[in-house]
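First comes the structure, then the notes that go with it.
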There are 2 protein chains.
Amino acid sequence: MTLEAILDASMALLDTRGAAALTMRNLAEALDCTQASLYRHVRNREELVTLLVDRTLGVASSVPPDGADWAEKAAWSARLFREHLLRHPGVASLLRGTERLGPNSLAGREYSLELFIGAGLSPRLAAAVASSLATFVIGSVHFNLGLDASDSEEISHRRLLYRSRDAAAFPLLVQHADVLAEVGSDDEFEVGLNALLTGFRILIEREDTTRD
Amino acid sequence: MTLEAILDASMALLDTRGAAALTMRNLAEALDCTQASLYRHVRNREELVTLLVDRTLGVASSVPPDGADWAEKAAWSARLFREHLLRHPGVASLLRGTERLGPNSLAGREYSLELFIGAGLSPRLAAAVASSLATFVIGSVHFNLGLDASDSEEISHRRLLYRSRDAAAFPLLVQHADVLAEVGSDDEFEVGLNALLTGFRILIEREDTTRD
DNA sequence: ACCTGAACACCGTTCAAGT
DNA sequence: ACCTGAACACCGTTCAAGT
């Protein structure tokens, strides 16, 4: 019985039965031990979650393709990370801000600092830029968890909701109900990611001319 | 005993004792009734949270100053909304994605559509842009909840953490420990917000030239 | 028709007692 | 030294029984 085994069993529980099923009782049952013995390897349930999330963050350390510039690398990592979270919604739903200081989180931080300092930003700006990008990526997954737009039933449900609003109070929602219902988290993510990276690029250019 | 009274008591509970204190028992005690009678006005605890969050979103409907362009208005609303959430961290910690279809949420959606369509975007792009901005603002508050950077004790704690890393594995974290420890959620928010709005501006310009 | 008391089926966590 | 069984203090939710 190792910490590793506990984390593995936790991931299995999350992936097969969802976040609500990650209880100390279910975990003990899956590992054939008592609840109390779990506390020998983990201080809290919260610590367990922190370890679990940080472990998942480790996937972001996959190295982007060579020859790409900083923006392409950042976009590549952001998309990879998002896709990993989408594949493990149970983990995504557990995301808080508390896990930023775990080992894998720090590794990701080091990597993104390298990226943005290399692109020409000061350490301070690089940190803020990296942090805002991470917030957007994680938020985009986290806050769209139960709302998959590719589900056609969900789309028509939203279309109906928009269409049935009061046209005087919500003219645009009613008028564009059809197209609005189709806009999903993929669009939100790509538009936001591109806007952020464009904004970062211009920030970098401005920093460069300031320095000259 | 009205739904309004339940929501008021919930907010009071959240603001004074935090999110963990928002239980049906505490709520019943505060309202001098039994837990069971709460279920006469609310289907679920989840529905209660949804109503509570949507009610909080209502503050975003404050009208921005006249004469401002779309970017200034968007920035103004984003900052106002963030500040309101920071004043009510208990509510912020309850944010999921599930509340996007409440009345106040829809009002905010209508408003931001007006803003971005008015700026020159197609309804589809306007929706994606508005959604990504909302995700960033909410995420920036939500994922920084326990980590106030203005707390000097917290700053020195982070500085120590960064400094004590392995300099071979985390050269940048170690080298810039002092300045990195000072970068907080305010910096993250302002940098990200400005980058997003800059990106939106360029997207709008590109749409305009495409149309010509 | 409305509210209540009491229960049900769960939680996370702790700790004396065993081996 | 390690693990266990059993309990403690909580949850959200339901429902027969009362008024």
Side-chain angles (χ1 to χ4, degrees), chain A residues 1-56 89-99 102 145-146, chain B residues 1-56 89-99 102 145-146:
Chain A
M1 159 85 69
T2 64
L3 176 62
E4 209 62 21
I6 294 179
L7 293 178
D8 286 339
S10 300
M11 280 298 277
L13 224 39
L14 286 176
D15 287 341
T16 59
R17 296 169 54 194
L22 183 65
T23 70
M24 304 307 266
R25 277 167 177 81
N26 287 342
L27 211 44
E29 191 185 7
L31 290 164
D32 240 332
C33 68
T34 54
Q35 305 168 232
S37 47
L38 294 173
Y39 288 86
R40 203 151 293 278
H41 302 86
V42 161
R43 205 189 319 267
N44 271 342
R45 184 179 181 277
E46 197 186 314
E47 187 181 283
L48 175 68
V49 169
T50 301
L51 291 169
L52 218 49
V53 170
D54 184 72
R55 190 201 228 194
T56 297
V91 182
S93 72
L94 295 175
L95 287 169
R96 312 253 141 208
T98 341
E99 315 84 0
L145 270 180
Chain B
M1 159 87 70
T2 64
L3 177 60
E4 209 62 21
I6 294 180
L7 293 179
D8 285 340
S10 300
M11 279 300 276
L13 225 40
L14 285 177
D15 286 343
T16 58
R17 295 169 56 193
L22 183 65
T23 71
M24 304 308 265
R25 276 168 179 80
N26 287 342
L27 211 44
E29 192 186 7
L31 289 164
D32 241 332
C33 68
T34 53
Q35 305 169 232
S37 49
L38 295 173
Y39 287 87
R40 202 151 292 277
H41 303 86
V42 160
R43 203 190 319 268
N44 269 343
R45 183 179 182 276
E46 197 185 316
E47 187 182 282
L48 174 67
V49 169
T50 301
L51 291 169
L52 218 48
V53 170
D54 184 72
R55 187 201 230 196
T56 297
V91 182
S93 72
L94 294 176
L95 288 168
R96 312 255 142 206
T98 339
E99 314 85 0
L145 270 180

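Hydrogens, waters and symmetry mates play no part in the numbers below; they use all other heavy atoms, side chains included. Within every chain, numbering begins at 1; the chains are lettered A, B, ... in the order of the sequence lines, protein sequences first and strands thereafter.
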### Summary
Of D:dT13, D:dT4, C:dT4, the nucleotide closest to the side chain of A:Ser37 is D:dT4
### Query
Among C:dC3, C:dT13, D:dG12, which is the nearest nucleotide to the side chain of B:Met24?
D:dG12
Rounding to a whole Å, what distance do you find between [X]:[atom1] and [N]:[atom2]?
X	N	atom1	atom2	result
A:Tyr39	C:dA16	OH	P	17 Å
A:Gln35	D:dC8	CD	C1'	12 Å
B:Leu31	C:dC3	CG	P	13 Å
B:Glu29	C:dT4	CD	P	14 Å
A:Arg43	C:dT14	CZ	P	11 Å
B:Arg40	C:dT4	CZ	P	10 Å
A:Arg45	C:dC11	CZ	C1'	9 Å
B:Met1	C:dT4	CE	P	8 Å

### Residue whose closest nucleotide on DNA chain C lies nearer the 5' end, A:Ala36 versus A:Asn26
A:Asn26
### Summary
Closest to the 5' end of DNA chain C, once B:Thr34 and B:Arg25 are matched to their nearest nucleotides, is B:Thr34
### Summary
Note: B:Ala20 and B:Thr23 closest approach over all heavy atoms is O-CG2, 3.6 Å
### Query
At their closest point, which heavy atom of A:Leu3 faces which heavy atom of A:Val42, and how far apart are they?
CD1-CG2, 3.7 Å
#### Entry: Whichever of A:Cys33 and B:Glu46 has its nearest DNA chain D nucleotide further upstream toward 5'
A:Cys33
### Message
Taking pairing as Watson-Crick or G-U wobble with both contacts under 3.5 Å, can you name the mate of C:dT14, or confirm there isn't one?
### Response
D:dA6
### Task
Write down the partner of D:dA1 under the Watson-Crick or G-U wobble criteria, each distance required to be under 3.5 Å.
C:dT19
### Task
Evaluate the salt bridge (Lys or Arg N to Asp or Glu O under 4.0 Å) criterion for residues A:Glu99 and A:Arg55: first the C-alpha distance (whole Å), next the side-chain angles of each, then the deciding distance (0.1 Å), finally the verdict.
CA-CA 10 Å; A:Glu99 315 84 0; A:Arg55 190 201 228 194; over 6 Å; no
### Message
Closer than 3.5 angstrom, by distance alone: can the side chain of A:Arg45 be matched with the main-chain N or O of A:Leu22 as a donor-acceptor pair?
### Response
yes
### Query
When you look at B:Leu48 and B:Leu7, which way does the side-chain contact (heavy atoms from CB on, under 4.5 Å) test go after all the steps?
CA-CA 8 Å; B:Leu48 174 67; B:Leu7 293 179; 3.8 Å; yes
### Task
Tell me what A:Leu22 touches on the nucleic acid: a base, only sugar-phosphate, or nothing, going by heavy atoms under 4.0 Å.
sugar-phosphate
### Query
Under 4.0 Å between a side-chain N/O of B:Asn44 and OP1 or OP2 of D:dT13, yes or no?
yes
